[in-house]
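Take a look at the structure set out below.
One-based numbering, in listed order, for ligands and for the atoms of each. Residue numbers count from 1 along this sequence.
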Amino acid sequence: MHPSDSDLAASSAPPAPATHYDTSRHDEWAGAVEGVVRAAVSQLNLGSDECPAVELIDAAVLDAQIASLKAAFPDNWLHAYAIKANPLKGVLARVRAAGLGAECASREELLHARRCGFPARALVKFGEALEPARIDDLVGLYRRHAWLTCVHCHVGSQGCSTAMLVTGVRAAVDFARRVNAAVARRQVVVIDIGGGLCTNYRSNEPAMAGMSFADYAASLRATVPELFTGEFEVITEFGRSIVAKAGVTLSCVAGLKSCGGVPTAVLHTGANQFVRQAYRPAEWFQRLSVFGRDGAVRRCIAARPMVPHNVAGPLCFSGDLLARALPLPQVAAGDIICIHDTGAYCTSMYSMYNSRTPLPVYLVARSAPPQPGARSDYCFTPIKVQSTAQTLAFWE
Ligand SMILES: Cc1ncc(COP(=O)(O)O)c(C=O)c1O
């Protein structure tokens with residue numbers, strides 16, 4: 001079941017631009033994942049009834065993001081990965097093995113992190129606005145409660161410039177110093193600067209200009225030098241910037257229909273996994289690329305130019321769309337569509353509507369090609385395969 005013409009016309013979702021990104025780079029982006037798409041076809045039988053769609057986490061990309069995070073900041077900072085971004089056990093195992101901590105937003109996340117082997121350290125957070133008119137009250141709160149030893153800020157997630165994040169951290173440090181001056185001792189000893197660094201959803205590069213971990217660290221050094229002197233213990237809580245680029249989701253095209261003359265490719269995943277993209281398409285989007293059923297890129301050639309397509313998911317509601325009139329190489333039933341950059345806030349926001357079982361997830365390890373030009377070998381390790389019984393247990 002998928003949107004009809006009238007559903008599309010009646011959809012109450014805000015209008016989305018057809019393209020958030022430069023679709024003329026399709027072949028370049030598709031080429032970068034062609035090896036793993038072909039390997040998924042041959043090794044996982046992607047495209048068969050048993051395996052119509054999968055989600056993949058590229059271990060090398062995850063490791064590289066963690067390495068660049070650690071390289072950008074001093075060794076003694078604690079990087080507590082925001083597990084809400086992607087709490088899959090297989091992801092957490094890798095994050096923990098790399099020496100990161102876990103930032104938990106609920107009792108359940110805390111339990112999950114403990115079960116995944118993260119050491120216990122309770123930092124209880126509660127939110128108060130640091131408005132100028134309230135600062136004296138808040139300082140009084142710290143004065144009355146000596147156990148308040150941390151100041152935490154999280155400015156926002158995606159959509160915040162590096163300068164905006166730095167301004168928030170500066171305000172948090174100013175407040176901490178004000179508390180310590182008021183109580184005439186070092187009561188606040190921990191600054192938690194939150195996460196929020198933007199991911200680049202518009203191309204393959206991990207970060208947008210000026211928004212890499214190294215850029216953020218340089219801005220913090222310039223504007224909040226106290227973080228780097230040992231005056232405070234510093235904690236970070238990055239989520240998206242660690243894991244988003246490691247994920248791709250591959251679905252074969254279940255069928256094609258025409259909606260108002262626009263070819264509409266129907267996938268085995270959609271609004272369940274991509275909640276924000278379906279409900280807020282003007283702001284949230286994923287890059288898409290197209291492959292034949294053998295995993296070969298459907299390249300754009302003069303004889304076969306790009307054509308505007310809708311890309312729909314399988315749910316019974318009119319807004320289950322991943323793209324509207326997006327230029328793509330001509331899609332055929334049975335083709336494979338790659339949804340890029342799906343490692344963060346996609347499966348973790350999974351919706352149970354229509355009781356669909358989430359896609360199986362595999363961690364992909366690549367062997368380095370032995371010599372230039374040789375093909376990599378891919379090793380797929382399942383890190384989540386949910387049974388129908390597990391899905392239906394949600395409703396019990
Ligand atoms: C308190 C807190 N810390 C960290 C994060 C992680 O943010 P991001 O994934 O953008 O790095 C969030 C996400 O909204 C958050 O609310």
Below 4.0 angstrom from a heavy atom of [X], which ligand 1 atoms are there? Numbered from 1 as shown, please.
X    : answer
E237 : 1 (C), 2 (C), 3 (N), 4 (C), 5 (C), 6 (C), 11 (O)
Y345 : 6 (C), 7 (O), 8 (P), 9 (O), 13 (C)
A82  : 4 (C), 5 (C), 6 (C)
G195 : 4 (C), 11 (O)
S157 : 7 (O), 8 (P), 9 (O), 10 (O), 14 (O)
F238 : 11 (O)

N or O contact, [X] vs ligand 1, cut-off under 3.5 Å:
X    : result
G239 : yes
G194 : no
H152 : no

Within residues 49-69 or reaching into it, pairs that qualify as salt bridge (charged side-chain N to carboxylate O under 4.0 Å, His left out) - sequence neighbours excluded: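 Every salt bridge (charged side-chain N to carboxylate O under 4.0 Å, His left out) pair that includes a residue of residues 49-69, provided the two are not neighbours, is D58-R366, D63-R94.
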
Under a 3.5 Å cutoff, is there a donor and acceptor pairing between the side chains of S203 and N200? yes

Judged by non-hydrogen atoms, does G196 sit under 4.0 Å from ligand 1?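 Yes; G196 lies near enough to ligand 1 that a heavy-atom distance drops under 4.0 Å.
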
Side chain proximity check, R177 to F232, heavy atoms < 4.5 angstrom: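 Touching, per the 4.5 Å side-chain cut-off.
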
Does a salt bridge link [X] with [Y], judged by any charged N lying under 4.0 Å from a carboxylate O?
X    : Y    : result
E231 : R186 : no
D136 : R178 : yes
R299 : E34  : yes

Once the angle between the rings of H79 and F73 is folded into 0 to 90°, is it parallel (under 30°), tilted (30 to 60°) or perpendicular (over 60°)?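 The rings of H79 and F73 sit tilted, inter-plane angle from 30° to 60°.
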
